[in-house]
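Okay, so here's the structure we're looking at.
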Amino acid sequence: MTLRLEAAGRREAGGERRRKALAPLEGIPLSLYIHFPWCVRKCPYCDFNSHAARGDIEEDRYIDALIRDLDYELSLAPLASRLSPPGRSLPPPLASIFAGGGTPSLFSGRAVGRLLEAVAARLAFAPDIEITLEANPGTADAGNFSEYRAAGVNRLSIGVQSLEDAQLKRLGRIHGRDEALAAYRTARAAGFDNINLDLMYALPQQTPAQALADLRAACALAPEHLSYYQLTLEPNTEFAAHPPPLPDDETAWTMQLAGQDLLAAQGYAQYEVSAYAQTGRQCRHNRNYWEFGDYLGVGAGAHGKYSSPGGIVRRARHKHPRSYLEAAGGAAAVQEEKAVAAAELPFEFAMNALRLNQGFSRDLFEHRTGLPIAALDTALNQARQKGLIEEDRHQIRASAFGRAHLNALLREFL
Ligand SMILES: C[S@@+](CC[C@H](N)C(=O)[O-])C[C@H]1O[C@@H](n2cnc3c(N)ncnc32)[C@H](O)[C@@H]1O
Ligand code: SF4
């Protein structure tokens with residue numbers, strides 16, 4: 001959330017080059033993202049594809065649309081060849097599924113169960129598949145949580161944001177501290193042993209001491225994972241139009257550094273700009289994005305990326321639930337499809353992989369982009385001279401200075 005570098009409008013050096021070397025597609029992990037575009041109410045800071053649910057959500061209609069959309073995605077020729085390249089008859093098993101939003105927890109356990117059954121009938125699941133569902137504490141229903149768990153969801157991501165009532169009010173949340181704590185207890189009681197809490201800092205009028213107290217309260221719950229985001233003002237949100245008094249950049253940076261120290265002391269290792277986890281509990285789904293793996297995206301506004309013998313293709317669905325519902329199952333649901341030019345791959349890869357504290361290996365770059373590591377020579381030389389990266393025999397990663405100036409580092413790859 002802290003980093004938004006616009007990739008659009010960039011000039012391509014050398015025009016549309018084809019991938020020189022074709023990546024061996026074997027071994028690129030495949031994930032599935034499913035978007036749920038409704039929330040009880042739109043939060044004033046949020047620019048996600050989420051719409052206030054006016055009246056009842058027609059959940060069966062939406063689940064049917066998602067299944068048709070997945071069938072369409074699987075029928076596409078390049079994708080079909082990606083999934084079943086010559087000599088390999090079975091699609092790779094899904095490494096992870098992420099039901100995100102919006103607020104997927106507005107959907108019943110029955111609906112989520114029907115959806116997962118339909119996915120399982122179409123794609124194999126890896127034996128250790130991670131299946132995450134995002135929940136808003138204001139929609140935490142014990143019956144639903146137990147049904148999600150029974151349906152195969154094995155990781156819950158709860159949007160707590162803060163554990164201070166005054167802050168939750170300023171953020172326009174539909175829940176207070178007590179509901180957030182109750183949602184966490186409900187999740188544990190339903191059998192979830194892998195829980196993420198989303199927390200934000202640099203909130204309106206927040207002091208560093210208050211941010212740390214909030215973080216300490218979240219750690220005391222002992223979730224397996226914490227996503228710790230700096231609140232940012234996003235265009236076209238209520239907060240952008242009427243900005244609340246936010247801490248300045250320097251104060252926000254102080255909060256981030258102090259937060260990192262506190263989290264480390266509590267056993268949460270930072271592995272990405274905003275992601276912290278207990279040992280063995282990093283989010284596999286997000287890691288696959290950051291490691292430039294492949295993912296199918298179904299649902300309103302969902303994005304997918306996959307590698308085929310001809311190169312990497314990105315595809316995005318229509319954002320508005322109404323247009324999506326009408327078109328799902330055919331090409332009309334696709335708003336944008338783009339073959340990523342070889343010249344854009346170094347930046348796209350770096351934009352993801354350099355978010356990870358451990359950075360990336362030269363082999364990973366070559367495997368995921370199909371380009372030789374020499375394609376990064378100029379960018380790496382410049383970044384090295386400016387002290388933005390550090391390297392050893394295996395890994396290339398952002399230095400501490402590079403992490404503090406991530407946008408400057410990424411610009412070297414443009
Ligand atoms: C899709 S929401 C999570 C689930 C659910 N919709 C909720 O809010 O409880 C994803 C997360 O992104 C974070 N987020 C949203 N807008 C943000 C912003 N402007 N700045 C920082 N983080 C933001 C919040 O922590 C939020 O929980
Ligand atoms: S509930 Fe979550 S997705 Fe919905 S508007 Fe609020 S932050 Fe955005």
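Side chains included, hydrogens not; waters and symmetry mates left out as well; all remaining heavy atoms used. Order of appearance sets the numbers: ligands from 1, and atoms from 1 within every ligand. Since we're looking at a predicted model, the values are computed, not measured.
- Looking only at atom types and distance, the side chain of H320 has no donor-acceptor partner in the side chain of Y324 under 3.5 Å away.
- Atom 6 (Fe) of ligand 2 has C43 SG as its protein N, O or S neighbours under 2.8 Å.
- Among the candidates E336, H303, Q335, E73, the single residue satisfying the side-chain hydrogen bond (donor to acceptor under 3.5 Å, both in side chains) test with R317 is E73.
- Aromatic rings from F365 and F349 are positioned such that their centres are separated by under 6.0 Å.
- Pairing each heavy atom of F292 with each of R368, the nearest pair is O-CD, 3.4 Å.
- Applying the salt bridge (Lys or Arg N to Asp or Glu O under 4.0 Å) test to pairs two or more places apart or on separate chains, those with a residue in residues 173-189 are R188-E224.
- Aromatic pair Y295/Y306: ring centres not closer than 6.0 Å.
- Judged purely by distance below 3.5 Å, without hydrogens or angles, the side chains of R216 and Q266 never pair a donor atom with an acceptor atom.
- Ranking protein heavy atoms by distance to atom 3 (S) of ligand 2, first place goes to G102 N, 3.4 Å.
- For atom 6 (N) of ligand 1, the nearest non-hydrogen atom from the set G159, G101, G102, C39 comes from G102.
- Near T103, meaning under 4.0 Å from one of its heavy atoms, ligand 1 places the atoms 6 (N).
- Closest approach of V153 and F192 over heavy atoms only: O-CE2, 3.3 Å.
- Atom 9 (O) of ligand 1 has its nearest heavy-atom neighbour, among H175, E134, R173, in R173.
- Contacts of D198 with ligand 1, taken as heavy-atom pairs under 4.0 Å, involve the side chain alone.
- Atoms of ligand 1 lying under 4.0 Å from any heavy atom of Q230, numbered from 1 in the order shown and given with element: 20 (N), 21 (C).
- Applying the 4.0 Å criterion to heavy atoms of E234 picks out, from ligand 1, the atoms 19 (N).
- Residues passing the side-chain contact (heavy atoms from CB on, under 4.5 Å) test with S227, sequence neighbours excluded: N196, D198, H225, Y229.
- For atom 12 (O) of ligand 1, the candidate residues are Y228, Y201, F48, Y45; the nearest heavy-atom contact is made by F48.
- Under the 3.5 Å distance criterion, the side-chain polar atoms of T103 are left unmatched by any main-chain donor or acceptor of S105.
- When F36, F239, Y229 are ranked by how near their heavy atoms come to atom 13 (C) of ligand 1, first place goes to Y229.
- For R41, the side-chain contact (heavy atoms from CB on, under 4.5 Å) criterion is met by I174, not counting sequence neighbours.
- At a 4.0 Å heavy-atom cut-off, ligand 1 touches M200 through the side chain alone.
- The shortest N or O to N or O distance between T232 and ligand 1 is below 3.5 Å.
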